[in-house]
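Heads up, the thing below is written out as structure tokens.
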There are 2 protein chains.
Amino acid sequence: MATHTSRGPYKTGVRRRAEIVAAASTVMARRGYAGASLRLIGEAVGMTPAGLLRHFGTKENLLIAVLDDWVEQTIRMRPPSSATGIGYFTRFVDLMRYHMLHPGLIELFLTLSAEASDPSHPARAWVTARHQRIVSEGVEQLRNAVTNGEIAPMSDRRMELEVRGLFAMMDGLELQWIADPRLDLAATFESLLEIVLRRWGATDAPQIGTPESAIGGEPDVPAAAVRA
Amino acid sequence: MATHTSRGPYKTGVRRRAEIVAAASTVMARRGYAGASLRLIGEAVGMTPAGLLRHFGTKENLLIAVLDDWVEQTIRMRPPSSATGIGYFTRFVDLMRYHMLHPGLIELFLTLSAEASDPSHPARAWVTARHQRIVSEGVEQLRNAVTNGEIAPMSDRRMELEVRGLFAMMDGLELQWIADPRLDLAATFESLLEIVLRRWGATDAPQIGTPESAIGGEPDVPAAAVRA
DNA sequence: GTCTATAAGAAGATAGAC
DNA sequence: GTCTATCTTCTTATAGAC
């Protein structure tokens, strides 16, 4: 006991736990919650199903850990209130680029969002709450943009409509992208966001040219190379 | 044999088959392909798993039958080439209203679209092919709209971008709607479509007021009542 | 055409050795 | 902290009675 080099008794345990969450995240993203068995996750991290349950008790607890990790990663990538007004929205281009490098994250979110149409799905409440949170967060930032004079004024109803439309477009593009990874997700979104910002009357809309093609159809334009 | 009243020997068989497909469609939409066991589907239609497999042989064959039925229902609702140019896009408002009355259809499509991010998923090829088909179909109709002088000209790349953005918005709104059915899907989409058509320079964009609120928050505005 | 019975395997979860 | 072994239940699928 006195000879171990780690400073805390739980140090390796914490690391192992993180490895399990990462593996579970990947497998659940690919196969869905129901399709991701503890054996499959265990194989990915080199452990038996019993070993996993020593750490998390139940499969549902593991899902919750995966969701928490997803939130943590997203926040680390895009800290809340790091940008206000229009800057809040332009930062989503970086988020899309981040997603292209970590496909599992968005696969997981979309799979759970769709699966959770079942009211008895363990992630149902989490998904619903998250949708509500990002819409109200978006409306708040759009209001900031108006207050700061970055964009033209609009009604509250119009703001909710615009925010819902923008977030819907992001999710829908991600859905197209996981069906065909040749789609340049970040570039496509960047072009569409520019159109939206221009329509809102943003004066500092980023100057971005229309990408060569949304799909890299020609073999000499390997858009898929951007992925990890 | 000579006494039965049905005209063909397979009449009841065909009806039963249709009932199974309908039940399987509902259960798969709610639980995903992996989560929808033959036992669960059998209970929904009053049959044992063995009975189901008498009709379809394997679970995967049943999924194929469900996908074919999905296509058939969608086509019946919105016949191909029934509207060209801008009319093609405005008809999507009707499609959204239809989806609100038949939630299972869109739940199934979204669940499978997300699940099928796994390359080994049996519906992977079907989902990918469908995404490609509707994008090229949309671009074709947008081109028609330009040719007919309904909207301002735009480049081929821009057309693909606009179509991808519009379809992404539709899928994303549907994702928001299954997470919170209080959202008035058709009205929200109608308002957003009007904005897009106006931007395209459509002269006959439908005159629709912004809905009272995208979410019927007040108890006296039961937006959910529109559902079946 | 649907059933019961059953196979062969995988699922989540528990007990206890080391 | 991870293992093996085991339990119970559930999975898809087959065989054969009615």
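Every chain is numbered from 1, with letters handed out A, B, ... down the list of sequences.
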Value in whole Å for how far the [atom2] atom of [N] lies from [atom1] of [X]:
X	N	atom1	atom2	answer
B/L53	D/dT12	CG	P	8 Å
B/E43	C/dC3	CD	P	12 Å
A/R39	D/dT4	CZ	C1'	12 Å
A/L40	C/dG9	CG	P	18 Å
A/N61	C/dT14	CG	C1'	16 Å
A/F56	C/dA13	CZ	P	13 Å
B/L52	D/dT14	CG	C1'	15 Å
A/L38	D/dC3	CG	P	13 Å

Using only atom types and a distance under 3.5 Å, with no angle test, would you say the side chain of [X] pairs donor to acceptor with the backbone of [Y]?
X	Y	answer
A/K59	A/Y33	yes
A/N61	A/F56	yes
B/S25	B/V21	no

* To do: Return yes if a side-chain donor-acceptor contact under 3.5 Å exists between B/H121 and B/E115, otherwise no.
  => yes

### Query
Does a donor on one side chain and an acceptor on the other come within less than 3.5 Å for A/Q73 and A/D69?
yes

Any [X] side-chain nitrogen or oxygen under 4.0 Å from OP1 or OP2 of [N]:
X	N	value
A/R16	D/dG1	no
B/T48	C/dT2	no
B/S37	D/dT11	yes

Ranking B/R54 and A/K59 by the position along DNA chain C of their nearest nucleotide, the one closer to 5' is B/R54

- Item | Among C/dC3, D/dT2, C/dT14, the nucleotide that comes nearest once only the side chain of A/M47 is considered |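 For the A/M47 side chain, the nearest candidate turns out to be D/dT2.
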
Per atom distances to the A/H55 side chain, the nearest of C/dT4, D/dT4, D/dG1 is D/dG1

